[in-house]
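First comes the structure, then the notes that go with it.
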Amino acid sequence: MASVRYDTSIDQQLKLKPFGLTYFQYREEDSIGMALALASLFPIFLIVAETSIVLGRREVAGILLLLGQLLNEAFNLALKLAIRDDRPNARLGDGYGMPSSHSQFMGYFVLYMVVYLERHITTNVIHKCITQLGAFILGISVAFSRVYLGYHTAWQVLVGAVVGIGFGVIWYLFVERILRPSGLLNFILATRLCQWLLIRDSRHIRDVALAEYNLSMPTKNKQL
């Protein structure tokens with residue numbers, strides 16, 4: 001059979017654009033820049049993790065965390081379109097720079113995680129503190145990476161973090177002071193759709209991970 005040859009040449013007139021969501025540049029042979037470029041990917045990793053948790057566990061807490069995260073991103077886009085403040089380097093990144101979406105993303109995530117763990121997970125203080133510290137370190141790493149790599153000014157990053165933290169506070173208070181007390185959440189969970197999807201609210205359990213571990217122990221002992 002005659003071999004089929006494909007034309008792999010690229011037309012010089014063709015304009016190519018990188019996918020900005022995962023495309024980050026750093027100085028060649030700059031190991032710190034490479035590490036911080038990877039740190040800039042943390043928001044993407046986190047949104048995938050949050051979505052996976054929602055699909056896998058179908059827990060109300062995870063759903064509300066993800067919903068707030070998406071609303072926070074929509075608010076960031078609205079702010080950028082309203083403020084229209086350019087990035088410090090026009091060649092780096094797409095769209096406007098104020099406020100930093102990465103910084104705002106992490107501001108919301110860190111605030112919500114720290115407060116939720118502090119208020120509702122009380123059985124293992126060491127595990128809780130490690131998780132809170134890890135979230136804080138991730139947030140600082142992402143924020144610093146945006147300035148170091150030249151994608152944002154320090155002011156854009158600071159404003160993004162403050163807006164994200166503020167949005168996290170507002171969303172948490174809305175969930176705890178309005179949504180849950182109103183009974184609307186229980187009404188939604190009682191619908192046939194939520195029951196069919198096995199969506200549950202385990203907030204009454206102080207430590208879900210510990211409860212599931214203890215529940216699995218008799219089964220393991222029987223198998224042994």
Side-chain angles (χ1 to χ4, degrees), residues 20-22 24 36 39-55 57 59-88 93-121 128-129 131-147 149 151-182 184-185 188 199 201 203:
L21 192 62
T22 56
F24 303 112
L36 292 175
S40 291
L41 292 172
F42 283 147
I44 299 175
F45 297 154
L46 289 174
I47 202 71
V48 171
E50 291 175 21
T51 304
S52 300
I53 290 172
V54 168
L55 295 177
R57 299 194 57 83
E59 231 355 297
V60 166
I63 295 174
L64 292 174
L65 171 65
L66 178 60
L67 178 59
Q69 195 84 74
L70 296 176
L71 292 174
N72 181 53
E73 287 297 292
F75 185 49
N76 175 265
L77 178 59
L79 288 176
K80 284 188 173 182
L81 293 177
I83 299 173
R84 296 179 178 272
D85 186 31
D86 293 329
R87 296 173 182 270
D94 297 325
Y96 298 106
M98 174 67 84
S100 165
S101 58
H102 282 71
S103 184
Q104 185 173 329
F105 182 105
M106 295 305 299
Y108 165 86
F109 176 80
V110 173
L111 183 284
Y112 198 91
M113 284 292 295
V114 169
V115 173
Y116 186 88
L117 290 173
E118 189 65 30
R119 296 293 299 273
H120 305 295
I121 306 298
K128 179 175 67 176
C129 290
T131 304
Q132 291 173 325
L133 179 61
F136 183 76
I137 292 174
L138 286 181
I140 293 295
S141 300
V142 172
F144 180 70
S145 73
R146 307 309 289 166
V147 178
L149 298 174
Y151 284 82
H152 290 282
T153 64
W155 180 242
Q156 291 171 346
V157 167
L158 178 61
V159 171
V162 171
V163 172
I165 291 172
F167 192 93
V169 171
I170 293 173
W171 181 247
Y172 181 83
L173 292 177
F174 169 76
V175 170
E176 299 299 326
R177 302 287 178 85
I178 299 177
L179 184 61
R180 286 186 178 277
S182 69
L184 178 60
L185 186 59
I188 295 174
I199 297 177
D201 185 10
R203 249 280 294 277

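Gln69 places no side-chain N or O within donor-acceptor distance of the main-chain N or O of Ile47, the cut-off being under 3.5 Å. In this structure a side-chain-to-backbone donor-acceptor pair under 3.5 Å is present from Gln132 to Val114. Remark: the backbone N or O of Leu81 is paired with a side-chain donor or acceptor of Arg84 at under 3.5 angstrom. Between the side chain of Tyr172 and the backbone N or O of Met113, no donor-acceptor pair lies under 3.5 Å. Although no hydrogens or angles enter the test, the distance criterion places a donor-acceptor pair under 3.5 Å between the side chain of His102 and the main chain of Ser40.
Summarising the geometry, atom CG belonging to Leu184 is positioned 5.5 Å from atom CG belonging to Leu179; distances are rounded to the nearest 0.5 Å. To the nearest 0.5 Å, the span separating CG on Leu117 from OG1 on Thr131 amounts to 6.0 Å. With rounding to the nearest 0.5 angstrom, the CZ atom of Phe45 is 11.0 Å from the CG atom of Leu138. Of the inter-residue distances, the one linking Leu185 atom CG with Ile63 atom CD1 reads 9.0 Å to the nearest 0.5 angstrom.
For the pair Asn72/Asn76, no side-chain contact is recorded, criterion being any heavy-atom separation below 4.5 Å from C-beta on.
Residues Gly139 and Val110 share a closest heavy-atom pair of CA-CG2, 4.1 Å. Contact between Arg87 and Gln156 at its shortest, heavy atoms only, is CA-NE2, 4.2 Å. Pairing each heavy atom of Leu111 with each of Ile165, the nearest pair is CG-O, 3.8 Å. Here the shortest heavy-atom pairing between Lys80 and Pro99 reads CE-O, 2.9 Å. Nearest heavy-atom pair across Ala161 and Ser103 is N-OG, 3.1 Å. Scanning all heavy atoms of the two residues, the minimum distance from Ala135 to Phe109 falls at CB-CE2, 4.3 Å.
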For Leu67 and Trp171, run side-chain contact (heavy atoms from CB on, under 4.5 Å): C-alpha distance rounded to whole Å, both residues' side-chain angles, the deciding distance at 0.1 Å, then the answer.
CA-CA 10 Å; Leu67 178 59; Trp171 181 247; 3.8 Å; yes
Hey, mind stepping through Val142 and Phe105 against side-chain contact (heavy atoms from CB on, under 4.5 Å) and telling me if it holds?
CA-CA 10 Å; Val142 172; Phe105 182 105; over 6 Å; no
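With sequence neighbours excluded, no residue forms a side-chain hydrogen bond (donor to acceptor under 3.5 Å, both in side chains) with Tyr116.
Listed by first and then second residue, the salt bridge (Lys or Arg N to Asp or Glu O under 4.0 Å) pairs involving residues 163-177 are Glu176-Arg180, Glu176-Arg203 (not counting sequence neighbours).
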